Amino acid sequence: METEQHPAKYVDESVIHMAELMTPELENFSGKVHGGAILSLLDKVAYVCACRYSGAYCVTVAVDHVEFRAPVQVGEVLHFTARVVQVGRTSMDVEILVESQELISGAMRHTNTCFFTLVAMRDGKSAPVPPLAARTPEDQERLEHGRMRREAREEYRSRIRPAR
Ligand SMILES: CC(C)(COP(=O)(O)OP(=O)(O)OC[C@H]1O[C@@H](n2cnc3c(N)ncnc32)[C@H](O)[C@@H]1OP(=O)(O)O)[C@@H](O)C(=O)NCCC(=O)NCCS
């Protein structure tokens, strides 16, 4: 499976890991890590993953399914695992798994899995990205879920109208 411009890439080739210490300036009014700070980090992680996959500068066009399942404490380390799980012609869906680690015990908690959509840009225009392939059953499942998420999103986008 190849396009004229790009050979296909595998989901596992797109995987990146990033980690960040949660420092006191990220604290919200209740002493936990501010959700907006985590969103900003997620956007950076998605950017790194999509740029590496496409070999191009990328912009975020959509964010799906961010939820904060458990509070993140100042002093913990957030671990991000990101991979491309579906692509269109110029867009990529990046899945990000977020885990929070308590440093002294080493205990890890899953706090979120979310999906960012980014578009590759060249010379100020959206540009083609490599086709995506899977070589494990788990990645095949990710591709299939990604396809269903895209279909649902397109159906939703076709129904919404800008507010007057
Ligand atoms: C990215 C951008 C240049 C695309 O413009 P465009 O090329 O005219 O738009 P297109 O309609 O051809 O869309 C390009 C791709 O983006 C996808 N896309 C665009 N808006 C999307 C959205 N809201 N959700 C999901 N996908 C979207 C399209 O489906 C298409 O994907 P495909 O090529 O894989 O089929 C334009 O939407 C933009 O500048 N957006 C703002 C990005 C930005 O500034 N992000 C930072 C946050 S402010």
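Numbering of ligands and ligand atoms starts at 1, following listing order. Model, not experiment: these values are computed from the prediction. We number each residue from 1, following the sequence as shown.
With hydrogens and angles ignored, the 3.5 Å screen pairs no side-chain donor or acceptor of H6 with any backbone N or O of P131. No donor-acceptor pair closer than 3.5 Å links the side chain of H65 to the backbone N or O of E67. Using a distance-only test at 3.5 Å, with no hydrogens or angles considered, a donor-acceptor pair links the side chain of E102 to the main chain of S105. Under a 3.5 Å cut-off, the side chain of Q86 and the backbone N or O of L143 do form a donor-acceptor pair.
Ranking the protein heavy atoms by distance from atom 46 (C) of ligand 1 puts T60 O, 3.7 Å first. Closest to atom 30 (C) of ligand 1, if we only count protein heavy atoms, is T90 OG1, 4.0 Å. Looking only at heavy atoms of the protein, atom 16 (O) of ligand 1 is closest to V119 CG2, 3.2 Å. If you check which protein heavy atom lies closest to atom 37 (O) of ligand 1, you get V61 CG1, 4.2 Å. The protein heavy-atom contact nearest to atom 35 (O) of ligand 1 is R89 N, 3.9 Å. Of the protein's non-hydrogen atoms, A62 CB, 3.5 Å is the one closest to atom 24 (N) of ligand 1.
For residues 36-47, the side-chain hydrogen bond (donor to acceptor under 3.5 Å, both in side chains) pairs, not counting sequence neighbours, are D43-T60.
Cation-pi contact between R122 and Y57: absent, since separation from the ring centre below 6.0 Å together with deviation from the ring axis within 45° is not met.
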For residues 12-19, which side-chain donor-acceptor pairs fall under 3.5 Å, sequence neighbours excluded?
unit_1, atom_1, unit_2, atom_2, d
D12, OD1, R135, NE, 2.9
D12, OD2, R135, NE, 3.2
D12, OD2, R135, NH2, 2.8
E13, OE1, Y10, N, 2.7
S14, OG, V11, O, 2.6
S14, OG, V84, N, 2.8
H17, ND1, T81, OG1, 3.4

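Evaluated for a side chain to side chain donor-acceptor pair (under 3.5 Å) with D93, the options R149, H145, R150 yield exactly one hit, R150.
For atom 13 (O) of ligand 1, no protein non-hydrogen atom is found at a distance below 4.0 Å. For atom 32 (P) of ligand 1, the nearest protein heavy atom lies closer than 4.0 Å. Per-atom contact check: atom 4 (C) of ligand 1 does not touch the protein, criterion being a heavy-atom distance below 4.0 Å. Shown here, atom 44 (O) of ligand 1 is out of close reach of the protein: none of its heavy atoms lies under 4.0 Å off. Atom 41 (C) of ligand 1 is not flagged as protein-proximal [any protein heavy atom, distance under 4.0 Å]. Counting protein heavy atoms under 4.0 angstrom from atom 21 (C) of ligand 1 gives one or more. In this structure, atom 26 (N) of ligand 1 has a protein heavy-atom contact shorter than 4.0 Å. For atom 7 (O) of ligand 1, the nearest protein heavy atom lies closer than 4.0 Å.
Listed by number with element, the atoms of ligand 1 under 4.0 angstrom from any heavy atom of G88 are 34 (O). Against a heavy-atom cut-off of under 4.0 Å, S126 is close to the following atoms of ligand 1: 7 (O). Under a 4.0 Å criterion applied to the non-hydrogen atoms of R153, ligand 1 contributes the atoms 25 (C).
With contacts defined as side-chain heavy-atom distances shorter than 4.5 Å, the pair E95/T113 qualifies.
Between R142 and E138 there is no salt bridge, since none of the side-chain N atoms of the basic residue sits less than 4.0 Å from a carboxylate O of the acidic one. One finds a salt bridge joining D64 and R153 here, because a Lys/Arg side-chain nitrogen approaches an Asp/Glu carboxylate oxygen to under 4.0 Å.
The parts of S91 lying near ligand 1 are both backbone and side chain, judged by heavy-atom distances below 4.0 Å.
Looking only at atom types and distance, the side chain of E27 has no donor-acceptor partner in the side chain of H34 under 3.5 Å away.
At least one heavy atom of M121 sits closer than 4.0 Å to an atom of ligand 1. Under a 4.0 angstrom heavy-atom cut-off, R157 registers as being in contact with ligand 1.
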